[in-house]
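As the structure is a prediction and not an experimental result, all values here were calculated from the model. Throughout, protein chains are lettered first and strands after them, A, B, ... in sequence-line order, and every chain is numbered starting at 1.
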Protein chains: 2
Amino acid sequence: MGVMVTRAESAALTRRALLDAAAELLDLGGPEAVTLREVGARAGMTRGAPYRHFADKDSLLTAVATEGWDRISDQVRALRTDPALSASERLCGALHALIGVGRGQPHLYQLLFRRRGDRPGQRGEGLDRVRRLCAPADDTAAAVRATERFQDEFLAVVAALVGAQNARHYGALLLTSAHGIAGMELSGHLATDVWRTSADELVDTVVRMVANVGETA
Amino acid sequence: MGVMVTRAESAALTRRALLDAAAELLDLGGPEAVTLREVGARAGMTRGAPYRHFADKDSLLTAVATEGWDRISDQVRALRTDPALSASERLCGALHALIGVGRGQPHLYQLLFRRRGDRPGQRGEGLDRVRRLCAPADDTAAAVRATERFQDEFLAVVAALVGAQNARHYGALLLTSAHGIAGMELSGHLATDVWRTSADELVDTVVRMVANVGETA
DNA sequence: GTCATTCAGGTGACAACGTCATCTGAAAAC
DNA sequence: GTTTTCAGATGACGTTGTCACCTGAATGAC
(Lines give C-alpha, C1' and ligand atoms only; values in the text may rest on other atoms or scores of the structure.)
Protein backbone atom coordinates (compact mmCIF):
# COMPACT_ATOMS: atom_id res chain seq x y z
CA MET A 1 0.00 0.00 0.00
CA GLY A 2 1.33 3.39 -0.99
CA VAL A 3 2.30 5.39 2.04
CA MET A 4 0.59 8.76 2.12
CA VAL A 5 3.15 11.50 2.41
CA THR A 6 2.36 14.90 1.05
CA ARG A 7 0.03 16.95 3.15
CA ALA A 8 -2.11 18.00 0.22
CA GLU A 9 -2.87 14.38 -0.66
CA SER A 10 -3.73 13.57 2.91
CA ALA A 11 -6.00 16.57 3.18
CA ALA A 12 -7.81 15.68 -0.03
CA LEU A 13 -8.24 12.13 1.16
CA THR A 14 -9.69 13.10 4.51
CA ARG A 15 -11.96 15.63 2.89
CA ARG A 16 -13.24 12.87 0.64
CA ALA A 17 -13.75 10.57 3.62
CA LEU A 18 -15.66 13.29 5.43
CA LEU A 19 -17.90 13.91 2.43
CA ASP A 20 -18.57 10.19 2.01
CA ALA A 21 -19.40 9.76 5.68
CA ALA A 22 -21.68 12.78 5.63
CA ALA A 23 -23.48 11.56 2.51
CA GLU A 24 -23.94 8.13 4.02
CA LEU A 25 -25.34 9.51 7.26
CA LEU A 26 -27.58 11.85 5.30
CA ASP A 27 -29.09 8.94 3.40
CA LEU A 28 -29.56 7.00 6.60
CA GLY A 29 -31.26 9.56 8.78
CA GLY A 30 -31.42 12.99 7.18
CA PRO A 31 -29.52 16.12 8.13
CA GLU A 32 -30.25 15.57 11.81
CA ALA A 33 -28.33 12.32 11.65
CA VAL A 34 -25.31 14.03 10.12
CA THR A 35 -23.46 14.58 13.36
CA LEU A 36 -20.04 16.12 13.12
CA ARG A 37 -18.92 13.67 15.77
CA GLU A 38 -20.20 10.68 13.84
CA VAL A 39 -18.87 12.05 10.58
CA GLY A 40 -15.46 12.44 12.13
CA ALA A 41 -15.61 8.98 13.64
CA ARG A 42 -16.55 7.36 10.32
CA ALA A 43 -13.74 9.23 8.67
CA GLY A 44 -11.37 7.91 11.32
CA MET A 45 -11.00 11.12 13.23
CA THR A 46 -12.40 12.97 16.18
CA ARG A 47 -15.21 15.46 16.34
CA GLY A 48 -13.46 18.75 15.69
CA ALA A 49 -11.55 17.53 12.68
CA PRO A 50 -14.13 18.49 10.04
CA TYR A 51 -13.61 22.13 10.95
CA ARG A 52 -10.27 21.98 9.19
CA HIS A 53 -12.06 21.24 5.93
CA PHE A 54 -15.47 22.88 6.29
CA ALA A 55 -16.50 26.07 7.95
CA ASP A 56 -19.34 24.40 9.80
CA LYS A 57 -21.89 21.65 9.53
CA ASP A 58 -23.91 23.60 7.02
CA SER A 59 -20.94 23.97 4.71
CA LEU A 60 -20.38 20.23 4.86
CA LEU A 61 -23.96 19.57 3.86
CA THR A 62 -23.69 22.18 1.13
CA ALA A 63 -20.64 20.37 -0.23
CA VAL A 64 -22.60 17.11 -0.23
CA ALA A 65 -25.37 18.84 -2.15
CA THR A 66 -22.84 20.18 -4.63
CA GLU A 67 -21.61 16.69 -5.41
CA GLY A 68 -25.22 15.56 -5.76
CA TRP A 69 -25.90 18.24 -8.35
CA ASP A 70 -22.71 17.34 -10.16
CA ARG A 71 -23.79 13.72 -10.35
CA ILE A 72 -27.21 14.59 -11.75
CA SER A 73 -25.67 16.99 -14.22
CA ASP A 74 -23.45 14.20 -15.48
CA GLN A 75 -26.47 11.95 -15.88
CA VAL A 76 -28.33 14.58 -17.88
CA ARG A 77 -25.28 15.25 -19.98
CA ALA A 78 -24.95 11.57 -20.75
CA LEU A 79 -28.59 11.46 -21.81
CA ARG A 80 -28.24 14.59 -23.89
CA THR A 81 -25.31 13.21 -25.86
CA ASP A 82 -26.69 9.70 -26.29
CA PRO A 83 -27.28 9.31 -30.03
CA ALA A 84 -29.64 6.35 -29.54
CA LEU A 85 -32.29 8.51 -27.86
CA SER A 86 -34.92 10.82 -29.25
CA ALA A 87 -35.46 14.30 -27.93
CA SER A 88 -38.50 13.32 -25.90
CA GLU A 89 -36.75 10.25 -24.55
CA ARG A 90 -33.89 12.43 -23.39
CA LEU A 91 -36.30 14.73 -21.63
CA CYS A 92 -38.15 11.90 -19.94
CA GLY A 93 -34.84 10.42 -18.90
CA ALA A 94 -33.70 13.67 -17.34
CA LEU A 95 -36.92 14.07 -15.42
CA HIS A 96 -36.85 10.49 -14.22
CA ALA A 97 -33.23 10.92 -13.19
CA LEU A 98 -34.30 13.71 -10.89
CA ILE A 99 -37.25 11.80 -9.52
CA GLY A 100 -35.01 8.78 -9.10
CA VAL A 101 -32.88 10.73 -6.67
CA GLY A 102 -36.01 11.61 -4.75
CA ARG A 103 -36.87 7.94 -4.50
CA GLY A 104 -33.45 6.51 -3.81
CA GLN A 105 -31.99 9.29 -1.70
CA PRO A 106 -34.88 11.35 -0.39
CA HIS A 107 -32.81 13.24 2.16
CA LEU A 108 -30.24 14.18 -0.45
CA TYR A 109 -33.05 15.29 -2.73
CA GLN A 110 -34.44 17.61 -0.09
CA LEU A 111 -30.95 18.93 0.46
CA LEU A 112 -30.58 19.70 -3.23
CA PHE A 113 -33.67 21.88 -3.21
CA ARG A 114 -32.98 23.41 0.14
CA ARG A 115 -33.63 27.06 0.57
CA ARG A 116 -30.61 29.16 -0.24
CA GLY A 117 -29.27 31.58 2.26
CA ASP A 118 -30.85 29.67 5.08
CA ARG A 119 -27.59 29.67 6.95
CA PRO A 120 -28.59 29.72 10.60
CA GLY A 121 -27.18 32.36 12.90
CA GLN A 122 -23.44 32.45 12.47
CA ARG A 123 -21.82 32.98 15.81
CA GLY A 124 -18.94 35.13 14.65
CA GLU A 125 -15.46 34.31 13.39
CA GLY A 126 -13.67 31.60 15.24
CA LEU A 127 -11.16 28.77 15.03
CA ASP A 128 -7.99 30.60 16.03
CA ARG A 129 -9.41 33.68 14.36
CA VAL A 130 -7.62 32.59 11.24
CA ARG A 131 -9.83 30.26 9.25
CA ARG A 132 -10.04 32.35 6.15
CA LEU A 133 -9.77 29.16 4.15
CA CYS A 134 -12.88 27.08 3.62
CA ALA A 135 -15.18 30.01 4.28
CA PRO A 136 -18.90 29.28 4.05
CA ALA A 137 -19.21 31.54 1.01
CA ASP A 138 -16.95 29.26 -1.01
CA ASP A 139 -19.13 26.22 -0.50
CA THR A 140 -22.31 28.07 -1.34
CA ALA A 141 -20.71 29.55 -4.45
CA ALA A 142 -19.66 26.08 -5.56
CA ALA A 143 -23.18 24.80 -4.93
CA VAL A 144 -24.68 27.59 -7.00
CA ARG A 145 -22.27 26.79 -9.82
CA ALA A 146 -23.25 23.12 -9.65
CA THR A 147 -26.96 23.89 -9.87
CA GLU A 148 -26.31 26.27 -12.75
CA ARG A 149 -24.55 23.53 -14.61
CA PHE A 150 -27.54 21.27 -14.13
CA GLN A 151 -29.90 24.00 -15.27
CA ASP A 152 -27.87 24.55 -18.43
CA GLU A 153 -27.80 20.85 -19.23
CA PHE A 154 -31.52 20.51 -18.64
CA LEU A 155 -32.27 23.62 -20.66
CA ALA A 156 -30.39 22.16 -23.60
CA VAL A 157 -32.44 18.97 -23.41
CA VAL A 158 -35.67 20.95 -23.40
CA ALA A 159 -34.54 23.23 -26.20
CA ALA A 160 -33.97 20.23 -28.43
CA LEU A 161 -37.63 19.35 -28.05
CA VAL A 162 -39.54 22.63 -28.03
CA GLY A 163 -37.04 24.99 -29.63
CA ALA A 164 -34.84 27.65 -28.13
CA GLN A 165 -37.67 30.21 -28.03
CA ASN A 166 -39.90 28.32 -25.64
CA ALA A 167 -37.13 26.41 -23.92
CA ARG A 168 -36.85 28.64 -20.89
CA HIS A 169 -40.52 28.88 -20.08
CA TYR A 170 -41.32 25.24 -20.70
CA GLY A 171 -38.08 24.14 -19.15
CA ALA A 172 -39.08 25.85 -15.95
CA LEU A 173 -42.54 24.33 -16.28
CA LEU A 174 -41.19 20.83 -16.70
CA LEU A 175 -38.64 21.17 -13.94
CA THR A 176 -41.06 22.63 -11.43
CA SER A 177 -43.63 19.97 -12.27
CA ALA A 178 -41.13 17.18 -11.88
CA HIS A 179 -39.94 18.72 -8.64
CA GLY A 180 -43.47 18.93 -7.33
CA ILE A 181 -44.22 15.36 -8.35
CA ALA A 182 -41.05 14.14 -6.71
CA GLY A 183 -41.69 16.17 -3.60
CA MET A 184 -45.24 15.01 -3.11
CA GLU A 185 -44.35 11.42 -3.83
CA LEU A 186 -41.49 11.72 -1.38
CA SER A 187 -43.64 13.27 1.32
CA GLY A 188 -46.40 10.75 0.86
CA HIS A 189 -48.95 13.34 -0.25
CA LEU A 190 -49.30 11.72 -3.66
CA ALA A 191 -50.06 8.16 -2.57
CA THR A 192 -53.52 8.99 -1.28
CA ASP A 193 -56.90 7.52 -1.99
CA VAL A 194 -57.83 10.86 -3.53
CA TRP A 195 -55.34 10.97 -6.39
CA ARG A 196 -55.38 7.54 -7.91
CA THR A 197 -52.38 8.13 -10.08
CA SER A 198 -48.64 7.68 -9.97
CA ALA A 199 -45.64 9.91 -10.37
CA ASP A 200 -44.71 8.26 -13.65
CA GLU A 201 -48.17 8.82 -15.09
CA LEU A 202 -48.01 12.47 -14.14
CA VAL A 203 -44.59 12.94 -15.69
CA ASP A 204 -45.76 11.33 -18.90
CA THR A 205 -48.80 13.59 -19.01
CA VAL A 206 -46.77 16.73 -18.48
CA VAL A 207 -44.23 15.79 -21.10
CA ARG A 208 -46.98 14.97 -23.57
CA MET A 209 -48.74 18.26 -22.96
CA VAL A 210 -45.56 20.25 -23.42
CA ALA A 211 -44.58 18.26 -26.49
CA ASN A 212 -47.99 18.96 -28.05
CA VAL A 213 -47.59 22.66 -27.46
CA GLY A 214 -44.10 22.54 -28.85
CA GLU A 215 -45.41 20.98 -32.05
CA THR A 216 -48.42 23.18 -32.58
CA ALA A 217 -46.68 26.43 -31.66
CA MET B 1 -61.76 40.13 33.15
CA GLY B 2 -63.36 36.77 33.60
CA VAL B 3 -61.45 34.66 36.04
CA MET B 4 -60.40 31.35 34.61
CA VAL B 5 -61.68 28.55 36.71
CA THR B 6 -62.40 25.22 35.12
CA ARG B 7 -59.36 23.17 34.35
CA ALA B 8 -60.51 22.26 30.86
CA GLU B 9 -60.76 25.91 29.86
CA SER B 10 -57.35 26.63 31.25
CA ALA B 11 -55.84 23.70 29.42
CA ALA B 12 -57.45 24.69 26.14
CA LEU B 13 -56.19 28.23 26.58
CA THR B 14 -52.63 27.24 27.27
CA ARG B 15 -52.68 24.80 24.38
CA ARG B 16 -53.79 27.64 22.16
CA ALA B 17 -51.03 29.87 23.51
CA LEU B 18 -48.47 27.13 22.87
CA LEU B 19 -49.66 26.66 19.32
CA ASP B 20 -49.59 30.39 18.63
CA ALA B 21 -46.12 30.76 20.07
CA ALA B 22 -44.87 27.79 18.06
CA ALA B 23 -46.41 29.11 14.86
CA GLU B 24 -44.88 32.52 15.42
CA LEU B 25 -41.43 31.10 16.09
CA LEU B 26 -41.78 28.86 13.06
CA ASP B 27 -42.46 31.83 10.82
CA LEU B 28 -39.55 33.72 12.32
CA GLY B 29 -36.82 31.14 12.07
CA GLY B 30 -38.06 27.77 10.94
CA PRO B 31 -38.37 24.58 12.95
CA GLU B 32 -34.92 25.07 14.46
CA ALA B 33 -36.13 28.27 16.05
CA VAL B 34 -39.12 26.55 17.61
CA THR B 35 -37.51 25.88 20.95
CA LEU B 36 -39.67 24.28 23.58
CA ARG B 37 -38.13 26.63 26.10
CA GLU B 38 -38.95 29.69 24.01
CA VAL B 39 -42.41 28.37 23.20
CA GLY B 40 -43.08 27.86 26.86
CA ALA B 41 -41.74 31.30 27.71
CA ARG B 42 -43.92 33.01 25.10
CA ALA B 43 -46.90 31.08 26.42
CA GLY B 44 -46.05 32.30 29.92
CA MET B 45 -44.71 29.02 31.21
CA THR B 46 -41.51 27.14 31.67
CA ARG B 47 -39.79 24.68 29.40
CA GLY B 48 -41.36 21.39 30.38
CA ALA B 49 -44.93 22.64 30.27
CA PRO B 50 -45.62 21.81 26.62
CA TYR B 51 -45.18 18.14 27.43
CA ARG B 52 -48.55 18.24 29.18
CA HIS B 53 -50.19 19.10 25.87
CA PHE B 54 -47.96 17.54 23.22
CA ALA B 55 -46.02 14.33 23.22
CA ASP B 56 -42.86 16.01 22.00
CA LYS B 57 -41.61 18.84 19.83
CA ASP B 58 -42.55 16.99 16.68
CA SER B 59 -46.14 16.63 17.80
CA LEU B 60 -46.30 20.34 18.46
CA LEU B 61 -45.07 21.10 14.96
CA THR B 62 -47.50 18.56 13.55
CA ALA B 63 -50.33 20.33 15.34
CA VAL B 64 -49.20 23.63 13.84
CA ALA B 65 -49.21 22.01 10.42
CA THR B 66 -52.71 20.68 11.04
CA GLU B 67 -54.00 24.17 11.71
CA GLY B 68 -52.22 25.37 8.59
CA TRP B 69 -54.00 22.76 6.47
CA ASP B 70 -57.29 23.66 8.09
CA ARG B 71 -56.81 27.30 7.21
CA ILE B 72 -56.00 26.54 3.58
CA SER B 73 -58.95 24.18 3.38
CA ASP B 74 -61.22 26.97 4.56
CA GLN B 75 -59.81 29.27 1.92
CA VAL B 76 -60.43 26.75 -0.82
CA ARG B 77 -63.90 26.07 0.46
CA ALA B 78 -64.67 29.78 0.40
CA LEU B 79 -63.46 29.97 -3.19
CA ARG B 80 -65.40 26.89 -4.17
CA THR B 81 -68.69 28.27 -2.84
CA ASP B 82 -68.21 31.81 -4.12
CA PRO B 83 -70.96 32.33 -6.70
CA ALA B 84 -69.17 35.29 -8.27
CA LEU B 85 -66.32 33.16 -9.54
CA SER B 86 -65.98 30.94 -12.58
CA ALA B 87 -64.62 27.42 -12.37
CA SER B 88 -61.20 28.40 -13.70
CA GLU B 89 -61.06 31.39 -11.40
CA ARG B 90 -61.76 29.13 -8.47
CA LEU B 91 -58.98 26.82 -9.50
CA CYS B 92 -56.50 29.64 -9.99
CA GLY B 93 -57.51 31.02 -6.64
CA ALA B 94 -56.91 27.72 -4.91
CA LEU B 95 -53.49 27.33 -6.49
CA HIS B 96 -52.51 30.87 -5.64
CA ALA B 97 -53.72 30.36 -2.10
CA LEU B 98 -51.26 27.52 -1.74
CA ILE B 99 -48.43 29.45 -3.34
CA GLY B 100 -49.34 32.41 -1.18
CA VAL B 101 -48.58 30.36 1.90
CA GLY B 102 -45.22 29.48 0.38
CA ARG B 103 -44.48 33.16 -0.06
CA GLY B 104 -45.86 34.51 3.18
CA GLN B 105 -44.98 31.66 5.50
CA PRO B 106 -42.27 29.60 3.82
CA HIS B 107 -41.39 27.63 6.92
CA LEU B 108 -45.00 26.71 7.51
CA TYR B 109 -45.29 25.71 3.88
CA GLN B 110 -42.35 23.35 4.16
CA LEU B 111 -43.90 21.95 7.30
CA LEU B 112 -47.16 21.27 5.50
CA PHE B 113 -45.40 19.16 2.90
CA ARG B 114 -43.06 17.52 5.33
CA ARG B 115 -42.38 13.87 4.95
CA ARG B 116 -44.81 11.72 6.87
CA GLY B 117 -43.53 9.23 9.36
CA ASP B 118 -40.27 11.11 9.69
CA ARG B 119 -40.58 11.04 13.43
CA PRO B 120 -37.00 10.96 14.69
CA GLY B 121 -35.89 8.31 17.14
CA GLN B 122 -38.42 8.14 19.91
CA ARG B 123 -36.67 7.45 23.15
CA GLY B 124 -39.29 5.28 24.76
CA GLU B 125 -42.27 6.02 26.96
CA GLY B 126 -41.74 8.64 29.59
CA LEU B 127 -43.31 11.42 31.65
CA ASP B 128 -44.25 9.52 34.76
CA ARG B 129 -44.90 6.49 32.58
CA VAL B 130 -48.48 7.66 32.31
CA ARG B 131 -48.83 10.06 29.45
CA ARG B 132 -51.24 8.05 27.41
CA LEU B 133 -53.03 11.25 26.52
CA CYS B 134 -51.65 13.39 23.74
CA ALA B 135 -49.86 10.49 22.14
CA PRO B 136 -47.91 11.30 18.98
CA ALA B 137 -50.25 9.13 16.92
CA ASP B 138 -53.19 11.39 17.69
CA ASP B 139 -51.48 14.46 16.28
CA THR B 140 -50.38 12.70 13.14
CA ALA B 141 -53.86 11.28 12.62
CA ALA B 142 -55.34 14.76 12.95
CA ALA B 143 -52.80 16.08 10.47
CA VAL B 144 -53.68 13.37 7.99
CA ARG B 145 -57.37 14.20 8.38
CA ALA B 146 -56.63 17.87 7.77
CA THR B 147 -54.70 17.18 4.57
CA GLU B 148 -57.47 14.87 3.40
CA ARG B 149 -59.99 17.63 3.86
CA PHE B 150 -57.86 19.93 1.75
CA GLN B 151 -57.49 17.28 -0.91
CA ASP B 152 -61.25 16.77 -1.06
CA GLU B 153 -61.91 20.49 -1.35
CA PHE B 154 -59.30 20.88 -4.05
CA LEU B 155 -60.57 17.86 -5.91
CA ALA B 156 -64.05 19.34 -5.99
CA VAL B 157 -62.70 22.56 -7.48
CA VAL B 158 -60.87 20.64 -10.18
CA ALA B 159 -63.84 18.42 -10.91
CA ALA B 160 -65.98 21.47 -11.62
CA LEU B 161 -63.55 22.42 -14.38
CA VAL B 162 -62.49 19.17 -16.04
CA GLY B 163 -65.26 16.81 -14.96
CA ALA B 164 -65.31 14.07 -12.41
CA GLN B 165 -63.67 11.56 -14.73
CA ASN B 166 -60.39 13.43 -15.16
CA ALA B 167 -60.53 15.25 -11.86
CA ARG B 168 -58.24 12.92 -9.95
CA HIS B 169 -55.49 12.72 -12.51
CA TYR B 170 -55.49 16.39 -13.44
CA GLY B 171 -56.05 17.39 -9.87
CA ALA B 172 -52.88 15.60 -8.90
CA LEU B 173 -51.14 17.18 -11.87
CA LEU B 174 -52.23 20.66 -10.92
CA LEU B 175 -51.41 20.21 -7.27
CA THR B 176 -47.98 18.73 -7.88
CA SER B 177 -47.19 21.45 -10.40
CA ALA B 178 -48.24 24.19 -8.04
CA HIS B 179 -46.28 22.55 -5.26
CA GLY B 180 -43.19 22.35 -7.42
CA ILE B 181 -43.55 25.95 -8.52
CA ALA B 182 -43.99 27.09 -4.94
CA GLY B 183 -41.10 24.97 -3.76
CA MET B 184 -38.66 26.19 -6.37
CA GLU B 185 -39.71 29.78 -5.94
CA LEU B 186 -39.31 29.36 -2.21
CA SER B 187 -35.89 27.76 -2.48
CA GLY B 188 -34.66 30.34 -4.96
CA HIS B 189 -34.16 27.82 -7.73
CA LEU B 190 -36.73 29.53 -9.93
CA ALA B 191 -35.37 33.07 -9.85
CA THR B 192 -32.34 32.24 -11.97
CA ASP B 193 -30.97 33.78 -15.14
CA VAL B 194 -31.75 30.50 -16.86
CA TRP B 195 -35.53 30.44 -16.42
CA ARG B 196 -36.71 33.92 -17.24
CA THR B 197 -40.22 33.36 -16.00
CA SER B 198 -42.25 33.75 -12.86
CA ALA B 199 -44.32 31.49 -10.68
CA ASP B 200 -47.52 33.21 -11.72
CA GLU B 201 -46.75 32.75 -15.40
CA LEU B 202 -46.11 29.06 -14.83
CA VAL B 203 -49.34 28.60 -12.91
CA ASP B 204 -51.30 30.30 -15.66
CA THR B 205 -49.70 28.11 -18.28
CA VAL B 206 -50.44 24.92 -16.39
CA VAL B 207 -54.05 25.90 -15.78
CA ARG B 208 -54.50 26.82 -19.42
CA MET B 209 -53.05 23.54 -20.60
CA VAL B 210 -55.26 21.52 -18.31
CA ALA B 211 -58.31 23.58 -19.20
CA ASN B 212 -57.68 22.96 -22.88
CA VAL B 213 -57.45 19.26 -22.33
CA GLY B 214 -60.60 19.37 -20.24
CA GLU B 215 -62.46 21.06 -23.07
CA THR B 216 -61.22 18.91 -25.92
CA ALA B 217 -61.53 15.64 -24.04
C1' DG C 1 -68.41 19.21 53.54
C1' DT C 2 -64.46 16.03 53.61
C1' DC C 3 -61.11 13.53 51.42
C1' DA C 4 -58.69 11.04 47.83
C1' DT C 5 -57.54 11.66 43.05
C1' DT C 6 -56.23 13.75 38.96
C1' DC C 7 -53.35 16.62 36.49
C1' DA C 8 -51.21 21.26 34.82
C1' DG C 9 -47.14 23.17 35.67
C1' DG C 10 -42.31 23.91 37.95
C1' DT C 11 -37.64 22.21 38.71
C1' DG C 12 -33.33 19.72 38.52
C1' DA C 13 -30.80 16.78 35.73
C1' DC C 14 -28.86 14.32 31.79
C1' DA C 15 -27.07 13.26 27.25
C1' DA C 16 -26.17 14.91 22.72
C1' DC C 17 -24.92 18.40 19.75
C1' DG C 18 -22.37 22.51 17.36
C1' DT C 19 -18.67 25.19 18.15
C1' DC C 20 -14.69 27.40 20.10
C1' DA C 21 -9.78 28.01 22.18
C1' DT C 22 -5.82 25.73 22.92
C1' DC C 23 -2.32 22.42 22.28
C1' DT C 24 0.72 19.12 19.61
C1' DG C 25 3.41 16.98 16.25
C1' DA C 26 4.80 16.59 11.68
C1' DA C 27 5.19 18.40 7.02
C1' DA C 28 6.72 22.39 4.40
C1' DA C 29 9.34 26.54 3.48
C1' DC C 30 13.43 29.08 3.92
C1' DG D 1 18.79 23.45 10.65
C1' DT D 2 15.44 26.56 11.95
C1' DT D 3 11.05 28.56 11.50
C1' DT D 4 6.45 28.45 9.88
C1' DT D 5 2.23 26.23 8.66
C1' DC D 6 -1.43 23.41 9.51
C1' DA D 7 -4.19 18.83 10.28
C1' DG D 8 -5.85 16.86 14.00
C1' DA D 9 -6.76 15.94 19.26
C1' DT D 10 -8.69 17.57 23.38
C1' DG D 11 -11.19 20.08 26.91
C1' DA D 12 -14.81 23.11 27.53
C1' DC D 13 -19.15 25.86 27.07
C1' DG D 14 -23.85 27.00 25.88
C1' DT D 15 -28.07 25.25 23.94
C1' DT D 16 -31.54 21.90 23.27
C1' DG D 17 -34.93 17.86 23.81
C1' DT D 18 -36.39 15.04 27.21
C1' DC D 19 -37.03 12.74 31.49
C1' DA D 20 -38.14 11.85 36.69
C1' DC D 21 -39.75 14.01 40.50
C1' DC D 22 -42.32 17.40 43.02
C1' DT D 23 -46.27 20.76 44.10
C1' DG D 24 -50.56 22.85 44.43
C1' DA D 25 -55.10 23.40 42.90
C1' DA D 26 -59.27 21.71 40.57
C1' DT D 27 -62.25 17.60 40.48
C1' DG D 28 -65.14 13.82 41.74
C1' DA D 29 -66.93 10.31 45.25
C1' DC D 30 -69.12 9.75 49.45
Q: Taking any heavy-atom pair under 4.0 Å as a contact, classify Thr46(B): base, sugar-phosphate, or nothing.
A: base

Q: Given atom CZ of Arg52(B) and atom P of dT18(D), what is their separation to the nearest angstrom?
A: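 In whole Å, dT18(D) P lies 15 Å from Arg52(B) CZ.
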
Q: In whole Å, I'd like the distance from the CD atom of Glu38(B) to the C1' atom of dG14(D).
A: 16 Å

Q: Any donor-acceptor pair under 3.5 Å linking the side-chain atoms of His107(B) with those of Arg115(A)?
A: yes

Q: Rounded to whole Å, how long is the line connecting atom CG of Leu25(A) with atom C1' of dC17(C)?
A: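 These atoms are roughly 14 Å apart.
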
Q: Pick base, sugar-phosphate or nothing for Val34(B), based on heavy-atom distances below 4.0 Å to the nucleic acid.
A: sugar-phosphate

Q: Respond yes when some side-chain nitrogen or oxygen of Tyr51(B) is under 4.0 Å from OP1 or OP2 of dT18(D), and no when none is.
A: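 Answer is yes, contact under 4.0 Å.
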
Q: Give the rounded distance in Å between these two atoms: CZ of Arg15(A) and P of dC6(D).
A: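 Interatomic distance, CZ of Arg15(A) to P of dC6(D): 16 Å.
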
Q: Take the angle between the ring planes of Trp69(A) and Phe113(A) and call it parallel below 30°, perpendicular above 60°, tilted in between.
A: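 Because their plane-to-plane angle is over 60°, the rings of Trp69(A) and Phe113(A) count as perpendicular.
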
Q: Please report, rounded to the nearest Å, how far the P atom of dG10(C) is from the CG atom of Leu36(B).
A: 14 Å

Q: Taking only side-chain nitrogens and oxygens of His53(B), does any of them come within less than 4.0 Å of OP1 or OP2 of dC7(C)?
A: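 So the side-chain polar atoms of His53(B) never come under 4.0 Å of the phosphate oxygens OP1 or OP2 of dC7(C).
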
Q: Does the side chain of Thr35(A) get closer than 4.0 angstrom to OP1 or OP2 of dA16(C) through an N or O atom?
A: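 So the side-chain polar atoms of Thr35(A) never come under 4.0 Å of the phosphate oxygens OP1 or OP2 of dA16(C).
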
Q: Rounded to the Å, how far apart are Phe54(B) CZ and dC19(D) P?
A: 16 Å

Q: When the ring planes of Phe154(B) and Phe150(B) are compared, do they come out parallel, tilted or perpendicular, using 30° and 60° as the limits?
A: parallel

Q: Between dT19(C) atom P and Glu32(B) atom CD, what is the distance in whole Å?
A: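 The distance from CD of Glu32(B) to P of dT19(C) comes to 11 Å, rounded to the nearest Å.
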
Q: Let me know, please, whether Thr14(B) or Arg37(B) comes out on the 5' side of the other along DNA chain C by nearest nucleotide.
A: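 That would be Thr14(B).
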
Q: Without decimals, in angstroms, what is the distance between Arg47(A) CZ and dG8(D) P?
A: 15 Å

Q: Is a side-chain donor or acceptor of Arg149(A) paired with a backbone partner of Asp70(A) at a separation under 3.5 angstrom?
A: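 Yes, because the side chain of Arg149(A) sits within donor-acceptor range (under 3.5 Å) of the backbone of Asp70(A).
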
Q: Check every atom of dG17(D), dG10(C), dA9(D) against the side chain of Ala49(B) and return the nucleotide holding the closest atom.
A: dG10(C)

Q: Salt bridge or not for Arg116(B) and Asp139(B), using N-O below 4.0 Å?
A: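 No salt bridge links Arg116(B) with Asp139(B).
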
